[in-house]
There are 2 protein chains.
Amino acid sequence: MPEDSLGVPPGTLIMLVLRVLQHGPLHGYAIAQRIHALSADVLQIEEGSLYPALQKILLKGWAEGEWGVSETNRKVRFYQLTPAGRKHLATKVADYDRVTEAIQSILRPARS
Amino acid sequence: MPEDSLGVPPGTLIMLVLRVLQHGPLHGYAIAQRIHALSADVLQIEEGSLYPALQKILLKGWAEGEWGVSETNRKVRFYQLTPAGRKHLATKVADYDRVTEAIQSILRPARS
DNA sequence: AGCTATACCTAGTTAAGCTATGCTTTTCAA
DNA sequence: TTGAAAAGCATAGCTTAACTAGGTATAGCT
């Protein structure tokens with residue numbers, strides 16, 4: 001793993017993958033690049049984390065996979081969000097926000 | 001685990017424990033209560049998570065433990081932050097903030 | 001021809017919180 | 001006064017989820 005990039009916190013990977021799929025289908029490799037770029041190079045998804053996560057996403061029906069050809073002319077699998085995936089994403093983001101706010105209230109309580 | 005309380009995200013427990021020790025020594029049971037209360041009852045630390053974490057904190061020298069008697073007249077172990085613990089906490093909070101901001105930039109990018 | 005980047009996949013490891021369980025002591029109600 | 005509940009500490013084993021390390025293949029460039 002690169003010097004100053006970090007792995008995603010356990011429990012957030014699938015949420016992040018579904019989130020970047022929200023504005024259109026992407027193939028696996030591109031998903032990792034998108035997350036890396038959107039996070040200003042802070043987050044790094046290893047392939048050994050990504051592909052098992054994508055398998056789980058297909059299995060759960062949160063996205064559908066379709067083989068195609070990439071812009072760089074390679075055989076790739078495109079993932080497209082399903083309604084169930086959209087719903088799951090919304091739930092996960094809500095949970096994440098709730099916990100994140102709770103942690104903030106411990107790290108930075110209103111009354112010092 | 002109670003209905004609407006959640007466990008802490010993996011990787012944050014020790015940070016939270018050290019944080020609540022920052023304003024003075026506490027015993028284990030009280031640490032869990034403090035985290036629960038400060039988070040508005042959102043976060044719940046199970047005892048099977050707490051005590052192993054406290055062992056690790058002692059082992060790493062982030063806090064010192066001292067047996068004493070609680071306000072409710074029970075034999076308890078008080079944990080007091082060390083300078084190393086303070087330093088570790090600062091590092092962990094900085095890392096946490098960095099990752100949290102990165103995740104936010106994926107969940108809520110500047111340009112929609 | 002060979003190197004690099006792109007692209008997918010899986011087996012086995014590791015980290016960390018949780019479940020379940022066990023123990024002791026104090027307090028309070030029946 | 002005895003029994004249950006709460007306070008308090010602790011550990012063994014389970015589970016989840018990401019990672020390391022390996023493998024395969026193709027496109028494009030030198």
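Letters A, B, ... are given to chains in the order of the sequence lines, protein chains preceding strands, and every chain is numbered from 1.
- Between A:Thr72 and C:dA7 there is a side-chain polar atom (N or O) within less than 4.0 angstrom of OP1 or OP2.
- Atom OH in B:Tyr29 sits roughly 18 Å away from atom P in C:dT24 (whole-Å rounding).
- Rounded to whole angstrom, the span from the NE2 atom of A:His27 across to the C1' atom of D:dA27 amounts to 13 Å.
- A:Glu71 places a side-chain heavy atom less than 4.5 Å from the side chain of A:His27.
- Taking atom CD of residue A:Gln44 and atom P of nucleotide D:dC19, one finds them 9 Å apart after rounding to whole Å.
- Between the base of C:dA7 and the side chain of A:Arg74 there is no donor-acceptor pair shorter than 3.5 Å.
- Comparing A:Pro10 and B:Glu71 by the nucleotide of DNA chain D that holds the closest heavy atom to each, the one mapping nearer the 5' end is B:Glu71.
- Residue A:Lys56 places no side-chain N or O under 4.0 Å from the OP1 or OP2 atom of D:dT16.
- The interatomic distance linking B:Asn73 (CG) with D:dA6 (C1') rounds to 14 Å, in whole Å.
- Within 6.0 Å of CD on A:Glu66 lie no more than 12 heavy atoms contributed by other residues, nucleotides or ligands.
- Atom CD of A:Glu64 has 12 or fewer neighbouring heavy atoms from other residues, nucleotides or ligands inside a 6.0 Å radius.
- Smallest separation of non-hydrogen atoms from A:Ile14 and A:Lys56: CD1-CD, 3.8 Å.
- The backbone N or O of B:Ile45 lies less than 3.5 Å from no partner atom in the side chain of B:Ser49, so there is not a single donor-acceptor pair.
- Contacts between residues 47-54 of chain A and DNA chain C, counted as heavy-atom distances below 4.0 Å, involve A:Glu47, A:Gly48, A:Tyr51, A:Pro52.
- OP1 or OP2 of D:dG8 has at least one side-chain nitrogen or oxygen of B:Ser70 nearer than 4.0 Å.
- Here C:dC8 presents its P atom at 14 Å from CD1 of A:Ile45, a figure rounded to the nearest Å.
- Residue B:Glu46 contributes atom CD, which lies 15 Å from atom P of D:dA7 at whole-angstrom precision.
- Protein atom CZ of A:Phe78 is 11 Å distant from nucleotide atom C1' of C:dA7, rounded to whole Å.
- The closest side-chain heavy-atom distance from B:Leu18 to B:Tyr79 is not below 4.5 Å.
- The nearest whole Å value for the distance from the CD atom in A:Gln55 to the C1' atom in C:dA11 is 14 Å.
- Under a 3.5 Å cut-off, the side chain of B:His36 and the backbone N or O of B:Leu43 do form a donor-acceptor pair.
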